[in-house]
Amino acid sequence: MISAIIVDDEPININNLQALLARNCKEIDVIGTATSADEASALILTLKPDVVFLDIEMPGKNGFDLLKSLPAPDFDVVFVTAYDAYGIMAVKFSALDYLLKPINITELKNTVARIEQSVSAKKQNARLHNLLYLLDRKHPDENQKIALPTQKETFLVPVKDIVRCESSNNYTTFFLANGTQHLISRPLYEYEELLGPYNFIRCHQSHLVNKMHITSILNEDSGYLIMDYATQKVPISKQRKSAVKALLKM
């Protein structure tokens with residue numbers, strides 16, 4: 001059994017999630033509930049749950065404030081929110097789970113399945129630390145790391161070390177400056193949204209590149225970007241050529 005605590009300022013939401021878990025996720029044992037960050041903090045420190053289903057928007061201290069107040073979180077977190085934009089970019093950047101209200105049963109089951117196969121608490125702590133680091137910064141930070149969850153392990157990679165990303169259906173391959181690659185089972189458009197503020201350019205339907213690693217443009221066909229590691233050659237689509245040149249100020 002996986003022990004869980006539900007934190008939400010509205011009791012009706014707690015009851016709803018508790019009922020959904022009882023009917024659809026028998027492996028989850030809800031050992032406590034809380035309607036405020038302070039109440040949740042005391043419960044977490046006392047009961048030491050495996051996972052916390054955490055509402056983001058709460059009066060007073062919100063869900064992120066709760067996490068910041070804990071000395072060393074050693075549990076999984078599933079963020080639950082009615083606001084798609086509220087903090088979700090930071091959550092996605094750290095590859096943490098989230099559910100949007102009203103909760104979809106299929107998404108709930110998939111989330112619980114991921115929790116069952118979760119990496120060790122130490123790696124989960126690293127992702128939480130990454131989230132809190134990001135939340136403390138109001139502007140893109142060149143030292144920021146992004147969590148890349150592969151099938152076997154989640155890697156925390158500095159954004160500046162990503163040379164480019166290439167899509168294949170719903171998968172994205174990350175090519176890093178040290179020559180390594182990571183295959184992630186998420187579509188490229190998600191990473192375009194996350195990495196756009198960090199000088200990444202979508203030059204083709206299948207390619208997203210780090211502007212800081214571009215060395216030149218090759219004027220063949222509709223054009224190619226030459227990257228500074230292993231002289232990687234990335235195509236520019238005809239539809240995006242003008243936009244790419246404008247972003248590069250050429």
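Keep in mind that what you see is a predicted model, and the values were worked out from it rather than measured. Side-chain atoms are counted along with the backbone in the values below, which use heavy atoms only and exclude waters and symmetry mates.
- Side-chain N or O atoms of His207 include none that pairs as donor or acceptor with a backbone N or O of Ile201 at under 3.5 Å.
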Open item on the list: What verdict does the side chain to side chain contact (heavy atoms under 4.5 Å, CB included) test give for Leu128 and Ser94, after you've listed the backbone C-alpha separation in whole Å, the side-chain angles of each residue and the deciding distance to 0.1 Å?
Closed with: CA-CA 7 Å; Leu128 281 175; Ser94 301; over 6 Å; no

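- Other residues, nucleotides and ligands place more than 12 heavy atoms under 6.0 Å from the CG atom of Asn143.
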- [ ] With side chain to side chain contact (heavy atoms under 4.5 Å, CB included) as the test, would you mind laying out the steps for Phe75 and Ile44 before giving the verdict?
- [x] CA-CA 9 Å; Phe75 49 82; Ile44 290 168; 3.6 Å; yes

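- Each of Phe174, Phe200, Tyr171 was scored for a ring-ring contact (aromatic ring centres under 6.0 Å, His included) with Tyr191, with one residue passing: Phe174.
- Linking ILVMFWY residues whenever their side-chain heavy atoms come closer than 4.5 Å, directly or via other members, leaves Leu176 and Leu183 in distinct clusters.
- No donor-acceptor pair under 3.5 Å is formed between the side chain of Lys241 and the backbone N or O of Ser237.
- Side chain of Asn104 to backbone of Thr106: a donor-acceptor contact under 3.5 angstrom is found.
- The heavy-atom pair separating Gln144 from Asn130 by the smallest distance is NE2-OD1, 3.2 Å.
- The existence of a salt bridge linking Lys101 and Asp8 is confirmed by a sub-4.0 Å separation between a basic side-chain nitrogen and an acidic carboxylate oxygen.
- Annotation: Glu27, atom CD; neighbour count of heavy atoms from other residues, nucleotides and ligands within 6.0 Å is above 12.
- Distance check, rounded to the nearest 0.5 Å: CG of Asp50 to CD1 of Ile115 gives 9.5 Å.
- No donor-acceptor distance shorter than 3.5 angstrom exists from the side chain of Ser216 to the backbone of Ile226, with no hydrogens or angles considered.
- Under a 3.5 Å cut-off, the side chain of Asp65 and the backbone N or O of Asn62 do form a donor-acceptor pair.
- Across every non-hydrogen atom of Ile56 and Phe64, the tightest pair is CG2-CE1, 3.8 Å.
- A donor-acceptor pair is defined here as one N or O able to donate and one able to accept, closer than 3.5 Å; such a pair exists between the side chain of Lys211 and the backbone of Leu247.
- Residue Val91 is not grouped with residue Tyr189 when hydrophobic side chains (ILVMFWY) are merged at heavy-atom distances under 4.5 angstrom, including chains of intermediate members.
- Atom CG in Leu100 sits 13.0 Å away from atom CZ in Phe79 (nearest 0.5 Å).
- Relative orientation of the His129 and Tyr133 rings is tilted, given thresholds of 30° and 60° on the angle between their planes.
- Summarising the geometry, atom OH belonging to Tyr224 is positioned 6.5 Å from atom CD belonging to Glu220; distances are rounded to the nearest 0.5 Å.
- At a threshold of 4.5 Å between side-chain heavy atoms, the hydrophobic network of Ile, Leu, Val, Met, Phe, Trp and Tyr places Val52 and Met1 in two separate groups.
- Not counting sequence neighbours, the partners of Gln181 by the side-chain contact (heavy atoms from CB on, under 4.5 Å) test are Thr173, Phe175.
- Within the model, atoms CD of Glu166 and CG of Leu208 stand 11.0 Å from one another, a figure rounded to the nearest 0.5 Å.
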TODO: Take Phe93 and Leu195 through the test side chain to side chain contact (heavy atoms under 4.5 Å, CB included) and record every step on the way to the result.
DONE: CA-CA 9 Å; Phe93 217 88; Leu195 294 172; 4.2 Å; yes

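- Considering only heavy atoms from C-beta on, Val163 stays 4.5 Å or farther from Val209 through its side chain.
- Within 6.0 Å of CD1 in Ile12 there are 12 or fewer heavy atoms belonging to other residues, nucleotides or ligands.
- Listed for the Thr46 side chain is a donor-acceptor partner under 3.5 Å among the backbone atoms of Ala42.
- Using modelled atom types, one side-chain atom of Asn210 and one backbone atom of Ile162 make a donor-acceptor pair closer than 3.5 Å.
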- [ ] Test Phe53 against Ile5 for side chain to side chain contact (heavy atoms under 4.5 Å, CB included), laying out the working first.
- [x] CA-CA 6 Å; Phe53 290 88; Ile5 286 175; over 6 Å; no

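- Salt bridge Asp76/Arg114: absent, no basic N to carboxylate O contact under 4.0 Å.
- For the atom pair Gln232 CD and Arg164 CZ, the distance stands at 4.5 Å (nearest 0.5 Å).
- To the nearest 0.5 Å, atoms CD1 (Ile6) and CG (Asn16) are separated by 9.5 Å.
- Remark: of the listed residues Val51, Ile28, Val30, Ile31, Ile31 is the sole one forming a side-chain contact (heavy atoms from CB on, under 4.5 Å) with Ser3.
- Of the N and O atoms on the side chains of Asp38 and Ser36, not one donor lies less than 3.5 Å from an acceptor on the other residue.
- No side-chain donor-acceptor contact under 3.5 Å links Glu192 to the backbone of Leu188.
- Side chain to side chain, Glu107 and Thr111 fail the donor-acceptor criterion of an N or O pair below 3.5 Å.
- A donor-acceptor contact shorter than 3.5 Å is absent between the side chain of Thr35 and the backbone of Asp9.
- Between Ile217 and Ile236, the closest side-chain pair of non-hydrogen atoms falls below 4.5 Å.
- Taking 4.0 Å as the cut-off between side-chain N and carboxylate O, Arg202 and Glu193 do not count as a salt-bridged pair.
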